[in-house]
There are 2 protein chains.
Amino acid sequence: MSHRAMEGTGCSVERTLSLIDGKWKIVVLYKLLRGTLRFNELRRLIPAVTQRMLTHQLRELEADGLITRTVYAQVPPRVEYALSPRGWSLEPVILALKHWGDANLSSSEAKAA
Amino acid sequence: MSHRAMEGTGCSVERTLSLIDGKWKIVVLYKLLRGTLRFNELRRLIPAVTQRMLTHQLRELEADGLITRTVYAQVPPRVEYALSPRGWSLEPVILALKHWGDANLSSSEAKAA
DNA sequence: GCCCATAGTGTCAAAAAGGATACCGTGATG
DNA sequence: CATCACGGTATCCTTTTTGACACTATGGGC
């Protein structure tokens with residue numbers, strides 16, 4: 001049973017985690033806490049993510065109702081990602097994770113958000 | 001790069017998440033919030049986990065300094081798991097996850113922790 | 001005519017995570 | 001003498017996740 005497949009199962013903690021698992025999701029959400037971003041802006045902010053993975057994670061976040069995806073019919077294309085209300089409601093969780101990390105992973109780059 | 005392998009990389013949020021990824025870790029930590037538990041007590045509290053997986057996750061939690069493992073030289077063996085101070089410091093994070101889940105995953109069993 | 005940028009998709013393969021099952025040693029219990 | 005409970009290991013296999021890489025459409029600039 002994958003994290004994805006177990007929506008509808010288990011306790012609330014597990015199910016919440018399943019929404020933000022995946023290697024890049026919380027980073028994406030975290031970046032979006034500062035405001036709307038375009039696809040390539042996210043790519044530049046998270047250099048280690050591949051295009052395919054970013055697309056993938058964004059689609060899942062969208063499917064889970066945590067972000068909104070707005071496509072502007074332009075050339076070149078313009079697609080903006082922003083937190084949905086449900087995504088915003090995760091802010092305390094994301095910040096709790098971040099604060100713990102800042103306080104407890106005391107190596108140099110741990111604080112370089 | 002695995003979640004494990006990336007300790008020492010990335011932002012604090014990611015690194016924090018890498019400590020509690022794995023399918024059962026937060027459940028284990030959550031159960032331990034109520035107090036020390038033995039191996040088979042955990043198994044009974046989390047029926048879906050296999051012995052191998054539980055061992056695995058407990059070892060990683062121990063390696064990350066989040067729980068303590070105490071072996072009593074008895075027969076039959078007696079091994080107790082408890083949160084370490086570092087593990088206790090995660091309480092707000094775990095509870096943030098749980099509260100969000102309770103509030104936002106409003107299906108019947110979401111609240112059955 | 002060619003290249004650039006944007007925001008992707010598709011295919012393939014590797015790596016990692018997870019699960020099933022069987023096994024171990026010991027002492028008490030039946 | 002066989003069985004049980006405890007807390008695991010070891011091995012094998014499947015599923016899931018992630019990564020590399022190539023490819024697409026369109027319009028504008030050179």
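Scope of the values below: all heavy atoms of this structure, side chains included, with no hydrogens, waters or symmetry mates. Per chain, numbering begins at 1; letters A, B, ... match sequence-line order. Just so you know, these numbers come straight off a predicted model, no measurement behind them.
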query: Any side-chain N or O of Arg52(B) under 4.0 Å from OP1/OP2 of dG18(C)?
result: no
According to a strict under-4.0 Å criterion, is Lys23(B) in side-chain N/O contact with OP1 or OP2 of dG19(C)?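 Answer yes for this pair, as a side-chain N or O of Lys23(B) is under 4.0 Å from OP1 or OP2.
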| request: Using heavy atoms to find the nearest nucleotide of DNA chain D for Arg78(B) and Gln51(A) separately, return the residue whose nucleotide is more 5′. | output: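 First, find each residue's nearest nucleotide; the 5'-ward one identifies Arg78(B).
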Which residue in the set Leu33(A), Ile94(A), Leu66(A), Thr68(A) passes side-chain contact (heavy atoms from CB on, under 4.5 Å) when paired with Leu83(A)?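 Result: among Leu33(A), Ile94(A), Leu66(A), Thr68(A), Leu33(A) is the only option passing the side-chain contact (heavy atoms from CB on, under 4.5 Å) with Leu83(A).
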Whole Å only: how far is the [atom1] atom of [X] from the [atom2] atom of [N]?
| X | N | atom1 | atom2 | answer |
| --- | --- | --- | --- | --- |
| Arg38(A) | dG8(C) | CZ | C1' | 13 Å |
| Tyr72(B) | dA5(D) | OH | P | 23 Å |
| Leu37(B) | dG8(D) | CG | C1' | 17 Å |
| Glu14(B) | dT18(D) | CD | C1' | 13 Å |
| Leu17(B) | dT17(D) | CG | P | 15 Å |
| Trp24(A) | dT16(D) | CH2 | C1' | 17 Å |
| Leu42(B) | dG8(D) | CG | C1' | 14 Å |
| Met53(A) | dC12(C) | CE | P | 17 Å |

For [X], which contact category applies under a 4.0 Å heavy-atom criterion: base, sugar-phosphate, or nothing?
| X | answer |
| --- | --- |
| Arg43(B) | nothing |
| Tyr81(B) | sugar-phosphate |
| Gln57(A) | sugar-phosphate |

Nearest-nucleotide check on DNA chain C, Val75(B) vs Arg59(A); residue mapping nearer the 5' end is Arg59(A)
Next item on the list: Could you please name the option among dA20(D), dG7(D), dG19(C) that lies closest to any side-chain atom of Val79(B)?
Entry: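 Closest of the options to the side chain of Val79(B): dG7(D).
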Checking dT18(D), dG18(C), dG8(C) against the side chain of Phe39(A) (C-beta onward), the nearest is dG8(C)
Salt bridge between Arg78(B) and Glu80(B), side-chain N to carboxylate O under 4.0 Å? yes
Common cluster, Phe39(B)/Val71(B), ILVMFWY with side-chain heavy-atom separation under 4.5 Å
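The answer is yes; both residues are in one hydrophobic cluster.
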* **Atom pair NZ (Lys31(B)) and CH2 (Trp24(B)), whose distance is rounded to the nearest 0.5 Å** =>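 Spacing of NZ (Lys31(B)) from CH2 (Trp24(B)) equals 11.0 Å.
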dist Leu105(A):CG -> Ser18(B):OG (nearest 0.5 Å) comes out at 7.5 Å
